[in-house]
Amino acid sequence: MTVTTRPPDSGRRAGPAWSAGRRPTPALRPRHIGAAVIRALCAVNILLLVWMIITSLRDTKDIFDHPVGLPTHPGWGNYLRAWQTGGFGAALVNSLIVSVGSAVIAVAVAAPAGYTLARTKRRVGSPVTMLFALGLGVPAQLIIIPVYVAFAKTQSLTHLKLLDSMQGLMTVYVGLAMPFTVFLLTGYFRSLPVEVEEAACLDGAGALRSFVQIVLPMARNGLVTAFTMQVLSAWNETMFSLVMVTSDKNRTLPVALLSFIDQQQFQGTDWGGMFAGVVIIMLPVLILFVVLGQRLIAGMTAGVSK
């Protein structure tokens, strides 16, 4: 009788159950969870944006009958009513003047200040930078009354038109922008290499020429970021424009939207027109983000890295 023995499996080890054709399920990592959450938030915001634009083309009855749905008859007249009845045309021009003007002035003032704080070797540099950073924590509600009183007294003494004027509102926005803009540009200037400025000085360039011709071109992403953030802040600001501006000809878009909503209480609520007004306010900001999105991200990351 012949007995056959099975040779031992030399060099082979019993593998897990998934080795016979199934692969292991990859473990969820925190970065995967974070990416999924960000994608979900982006999807929700895009859906809300699309819903808002679609709703701005519907009439009030259609919106109440079907809150979520496509317009049966697209009502482009909603934008016409918001533009004419709500005064969004003049308010759009005022918002552009105030937002862009205050952003240009804020960046022009904050850039030399941030560069000086970034390059100074004196002990006062860090405390002054921290002082600007502390200004970010001051609520605007606390200073609105002192600012109004100061503007009123200055206007009575110097006859400068500060209340109910574009220049007065721009002055307020520039002051509110200084803490963040100086703090952001200080961090960005610190991230720039000093060797380039030293080489320019060896070539005979003075401090002003080196700053204008060497540093500012290298810091264009930071400058664009500071400019964009100030435009967005001034564009969406409501409280100061509501208090400082009283006439209809000088009101900005957020105040025009509030006035348009108040009119609906007496004339009947026009939800399509109100959504059209919101889209009018939101559209320039959306275009700005699409055009300057990459520079905005580059300026924020470089400014914070230091």
Side-chain angles (χ1 to χ4, degrees), residues 87 90-118 120 122-188 223 225-262 281 285 303:
L92 177 63
V93 175
N94 293 335
S95 291
L96 285 174
I97 294 174
V98 172
S99 301
V100 177
S102 62
V104 170
I105 297 174
V107 173
V109 175
Y115 176 73
T116 302
L117 293 175
T120 184
R122 299 179 181 180
R123 294 182 179 179
V124 73
S126 296
V128 174
T129 305
M130 185 59 61
L131 184 63
F132 278 102
L134 293 176
L136 297 173
V138 179
Q141 293 84 349
L142 295 180
I143 64 174
I144 186 169
I145 295 179
V147 168
Y148 187 89
V149 173
F151 276 25
K153 289 186 175 295
T154 303
Q155 181 171 306
S156 62
L157 293 176
T158 61
H159 300 288
L160 293 175
K161 186 66 173 177
L162 296 177
L163 296 177
D164 192 21
S165 64
M166 292 291 98
Q167 57 267 24
L169 197 59
M170 288 173 58
T171 304
V172 173
Y173 289 164
V174 170
L176 293 176
M178 281 298 101
F180 175 78
T181 308
V182 172
F183 185 71
L184 174 68
L185 292 181
T186 300
Y188 195 89
L223 298 175
T225 300
F227 175 82
T228 306
M229 297 302 294
Q230 173 55 22
V231 169
L232 297 179
S233 177
W235 187 271
N236 297 322
E237 202 281 325
T238 305
M239 185 177 60
F240 275 95
S241 59
L242 188 62
V243 174
M244 306 292 291
V245 176
T246 55
S247 62
D248 293 342
K249 65 177 182 179
N250 292 327
R251 64 185 180 185
T252 57
L253 276 176
V255 179
L257 180 61
L258 291 177
S259 177
F260 184 69
I261 294 175
D262 291 338
I281 296 176
V285 177

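All residue numbers in this chain count up from 1 along the given sequence.
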A.B. asks: Checking T120 side chain against L117 main chain: does a donor-acceptor pair fall under 3.5 Å?
C.D. replies: no
A.B. asks: With sequence neighbours excluded, what pairs up with Y115 under the side-chain hydrogen bond (donor to acceptor under 3.5 Å, both in side chains) test?
C.D. replies: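 Y115: side-chain hydrogen bond (donor to acceptor under 3.5 Å, both in side chains) contacts with E197.
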A.B. asks: Side chain of N250, backbone of M166: donor and acceptor closer than 3.5 Å?
C.D. replies: no
A.B. asks: Contact between M244 and D164 at the side-chain level, heavy atoms closer than 4.5 Å - yes or no?
C.D. replies: no
A.B. asks: So, S99 side chain and L96 main chain: donor-acceptor pair closer than 3.5 Å or not?
C.D. replies: no
A.B. asks: For M130, does the CE atom sit with more than 12 other heavy atoms under 6.0 Å from it, leaving out its own atoms?
C.D. replies: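 Open: at most 12 neighbouring heavy atoms sit under 6.0 Å from CE of M130.
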A.B. asks: Are the side chain of W235 and the backbone N or O of L253 linked by a donor-acceptor pair below 3.5 Å?
C.D. replies: no
A.B. asks: Please name all residues satisfying side-chain hydrogen bond (donor to acceptor under 3.5 Å, both in side chains) with S102, sequence neighbours left out, ordered by chain then number.
C.D. replies: Q230
A.B. asks: Let me confirm one number: the CD1-OG1 distance from I281 to T252, rounded to the nearest 0.5 Å.
C.D. replies: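 Going from the CD1 atom of I281 to the OG1 atom of T252 covers 8.5 Å.
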A.B. asks: Tell me whether K249 at atom NZ has more than 12 heavy atoms from other residues, nucleotides or ligands lying less than 6.0 Å away.
C.D. replies: no
A.B. asks: Within the distance-only criterion (no hydrogens, no angle test), does the side chain of T186 pair as donor or acceptor with the backbone N or O of V182 below 3.5 angstrom?
C.D. replies: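 Such a contact is found between T186 side chain and V182 backbone.
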A.B. asks: Is there a donor-acceptor pair under 3.5 Å between the side chain of Q155 and the backbone N or O of L163?
C.D. replies: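 Yes; judged by distance alone, with no hydrogens or angles, the pair exists.
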A.B. asks: How long is the straight-line distance from CZ of F183 back to CG of L134, given to the nearest 0.5 Å?
C.D. replies: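 Going from CG on L134 over to CZ on F183, the span is 9.5 Å.
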A.B. asks: Can you tell me if S95 uses its side chain to pair, donor with acceptor, with the backbone of L92 under 3.5 Å?
C.D. replies: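 Not a single qualifying donor-acceptor pair exists.
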A.B. asks: Any idea which heavy atoms bring F151 and V172 closest together, and the distance?
C.D. replies: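 It is CE2-CG2, 3.5 Å.
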A.B. asks: With distance as the sole test, does T171 use its side chain to make a donor-acceptor pair with the main-chain N or O of Q167 at under 3.5 Å?
C.D. replies: yes
